[in-house]
Amino acid sequence: MTTRPDSAALLAWYDRHHRRLPWRIGPADRAAGAKPDPYRIWLSEVMLQQTTVTAVKPYFEAFLARWPRVCDLAAADEAEVMKAWAGLGYYSRARNLKACADAVAERHGGRFPDTEAALLALPGIGAYTAAAIAAIAFDRPATVVDGNVERVVSRLFTVEEPLPDAKPALKRLAATLTPQRRAGDFAQAMMDLGATLCTPRKPACPLCPWSEACRGRAAGAPETYPRRRAKAERPTRRGIAYVAMRSDGAVLLRRRPPKGLLGGMSEVPSTDWTPAAPAESPPLPGPWAAAGRIEHTFTHFHLILEVRLARRPAGDPAPDGFWWSTAADLAGEALPSVMRKVVGAAQKAFGS
DNA sequence: GACCCGTGGGA
DNA sequence: TTCCCAAGGGT
C-alpha cells in the first residue's frame, strides 16, 4: 500500500537539504526577493547537459568572470569561446552557446525569452533546457525531465517499459507531480533528490521524503529502475598521429572541420581513424620516430593512436593551414582531451 | 527513431 | 580493468 507522492513534501525536503551551487538562488534567498539571472541559469544548464556538477563548476566561474552578461558573450569571438570550452566535451554545445547568445542579443534585445516555446526555438536549447530555464529563471510551471527525474519517476511508479521508449510516459507521470507554484524549486528538488538520495546504485531510501509513496521501494528493488534496453558494444578505431615539435617546444596544429567529431577544435594531424590499423601516411616531411601510444574512449568508440614525433629547427615555417603553437600557448589552445594526450606523449618522447 | 557527439570520476 | 553514466541536443 503506497500513498501518492506529494510535491509539498519534496519542497519541504528541498528547503532543508538543497545543494548550494554557484548558479542557484536558494529558496530562502528567493523568498527574500532575490531573482535568478536567466543568463546564469542558461549558461549552467547548457554546461550541465550530460556533464557532472564537479566538471562544470570551474568552467562556469571562468565563463561568468570573462563574459558576465549575454551581450558580452555575443560580442566575443567564437574561437575564444571554443578555447574556453576545451576539455568540457560535446563541443557543438560551445558553438550553439555562441549562436544562442547572438540570437538573444539580436532578436530579443539582449533578454532571454520567458516561455518554453520561445526558448525551444533558440540554438542548443531542447525540451529539457527550455523547461528548466522557464521554471527556474521565470518560475513558470514547466515539467522538467532529465536523467534524474526519469530515475526518480520510474522508481516511484515502477515503470517497466525500458528507456528510451519510456520517455513520453515518464514525462506524463512527471507532469502529474509538478506543482503550479514553485515549479523551479520543484525541478531542482527532483534533480537534487536524484543526485543525492535516489542515486543509480544504492539509493538512500530511508532518508527520502517519498519513501512511503515509492512503489519501487515497496517492491524491494528500486535500484533496478529505470529499465534500459541493452546497449551496443563500443568498437575500437586506430590511427597514427604526427606531432611536429620545434626545438623550443612549439607544436604544429591545425583546425578541424566545423562540424562532426570535435568540430571546430584544434588538432595534431593524423591518419583517418579506422577499424583496421592504418598505413603510415605522414602529412608532412619527416623523419618520424615512434613516440608511444595513447588511448581515449569517446561516447560511441574507443580510439588507439600511435604517436609519431618529428624534430624541427627553430624558425621552421608553418605549412598552409597550420600554425606553430608555442609551449606557452598550448595550454590555451582549443585542444580536446584526446589531443592533449597526444601532445603529452610527444613531449615525453621529446625530452628523452 | 537511430545515430552522432566528450569527458572524467566512481565502483 | 572495465563498465557505467552525468541537469541532452542536433540531424
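Labels below follow one simple rule: chain letters A, B, ... track the order of the sequence lines, proteins then strands, and each chain is numbered from 1. Everything numeric here is computed off the predicted structure, so don't read it as measured data.
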Which is true for [X] with a 4.0 Å heavy-atom rule: it touches a base, it touches only sugar-phosphate, or it touches nothing?
{"X": "W23(A)", "result": "base"}
{"X": "A127(A)", "result": "sugar-phosphate"}
{"X": "L88(A)", "result": "base"}
{"X": "L21(A)", "result": "base"}
{"X": "G87(A)", "result": "sugar-phosphate"}
{"X": "T129(A)", "result": "sugar-phosphate"}

Rounded distance in Å - [atom1] ([X]) to [atom2] ([N]):
{"X": "E150(A)", "N": "dC5(C)", "atom1": "CD", "atom2": "P", "result": "12 Å"}
{"X": "L262(A)", "N": "dC4(B)", "atom1": "CG", "atom2": "C1'", "result": "12 Å"}
{"X": "F298(A)", "N": "dC4(B)", "atom1": "CZ", "atom2": "P", "result": "14 Å"}
{"X": "N96(A)", "N": "dG8(C)", "atom1": "CG", "atom2": "P", "result": "16 Å"}
{"X": "R201(A)", "N": "dT2(C)", "atom1": "CZ", "atom2": "C1'", "result": "12 Å"}
{"X": "E45(A)", "N": "dA6(C)", "atom1": "CD", "atom2": "C1'", "result": "13 Å"}
{"X": "L335(A)", "N": "dG6(B)", "atom1": "CG", "atom2": "P", "result": "14 Å"}
{"X": "W42(A)", "N": "dA7(C)", "atom1": "CH2", "atom2": "C1'", "result": "16 Å"}

Which nucleotide sits closest to the side chain of [X]: [options]?
{"X": "R229(A)", "options": "dA7(C), dA2(B), dG8(C)", "answer": "dA2(B)"}
{"X": "Q50(A)", "options": "dC4(B), dA6(C), dG10(B)", "answer": "dA6(C)"}
{"X": "T51(A)", "options": "dG6(B), dG8(C), dT7(B)", "answer": "dG6(B)"}
{"X": "L261(A)", "options": "dA2(B), dG6(B), dA11(B)", "answer": "dG6(B)"}
{"X": "T299(A)", "options": "dA7(C), dG6(B), dC4(B)", "answer": "dG6(B)"}
{"X": "Q49(A)", "options": "dG9(C), dA7(C), dC4(C)", "answer": "dG9(C)"}
{"X": "Y128(A)", "options": "dC4(C), dG9(C), dG6(B)", "answer": "dG9(C)"}

Open item on the list: Say we look at dA7(C) and dC4(B): how far apart would their P atoms be, to the nearest angstrom?
Closed with: 24 Å
Open item on the list: Between dT11(C) and dG6(B), how many Å separate the two P atoms, rounded to a whole number?
Closed with: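 Result for the P pair: 14 Å, nearest Å.
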TODO: Using the ring of W323(A) (Phe, Tyr or Trp, six-membered ring only), decide whether R254(A) places NZ or CZ under 6.0 Å from its centre and within 45 degrees of its axis.
DONE: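 Relative to the ring axis of W323(A), which defines the angle, R254(A) lies outside at least one limit.
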Open item on the list: Strictly below 4.0 Å, N to O, side chains only: are R140(A) and D114(A) in salt-bridge contact?
Closed with: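 Yes.
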Task: Lys/Arg N to Asp/Glu carboxylate O, K98(A) vs E78(A), below 4.0 Å - done: no
- [ ] Would you mind telling me which residue lines up with the more 5' stretch of DNA chain B, P164(A) or R93(A), judged by nearest nucleotide?
- [x] P164(A)
Task: Given DNA chain B, 5'-ward residue of the pair D165(A) and Y90(A), judged by closest heavy atom - done: D165(A)
TODO: Classify the side-chain pair R227(A)/Y225(A) by whether it contains a donor and acceptor separated by less than 3.5 Å.
DONE: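 Yes, side-chain donor-acceptor contact under 3.5 Å.
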Can you check whether [X] has a side-chain N or O nearer than 4.0 Å to OP1 or OP2 of [N]?
{"X": "H300(A)", "N": "dC5(B)", "result": "yes"}
{"X": "H296(A)", "N": "dT7(B)", "result": "yes"}
{"X": "S337(A)", "N": "dG8(B)", "result": "yes"}

Open item on the list: Taking the side chain as everything from C-beta on, heavy atoms only, tell me whether T236(A) gets closer than 4.5 Å to L303(A).
Closed with: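 T236(A) vs L303(A): side chains apart.
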Task: L253(A) vs F322(A) side-chain heavy atoms within contact, under 4.5 Å - done: no
TODO: Apply salt bridge (Lys or Arg N to Asp or Glu O under 4.0 Å) to E80(A) and R66(A), showing your working.
DONE: CA-CA 11 Å; E80(A) 293 303 309; R66(A) 186 164 176 186; 2.9 Å; yes
Task: Residue closer to the 5' end of DNA chain C, G124(A) versus G194(A) (nearest nucleotide) - done: G194(A)
Task: P123(A) vs R24(A), nearer the 5' end of DNA chain C by closest nucleotide - done: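 Closer to the 5' end of DNA chain C: R24(A).
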Task: Distance-only donor-acceptor test (3.5 Å): side chain R151(A), base dA6(C) - done: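 Under the 3.5 Å cut-off, the side chain and the base do not form any donor-acceptor pair.
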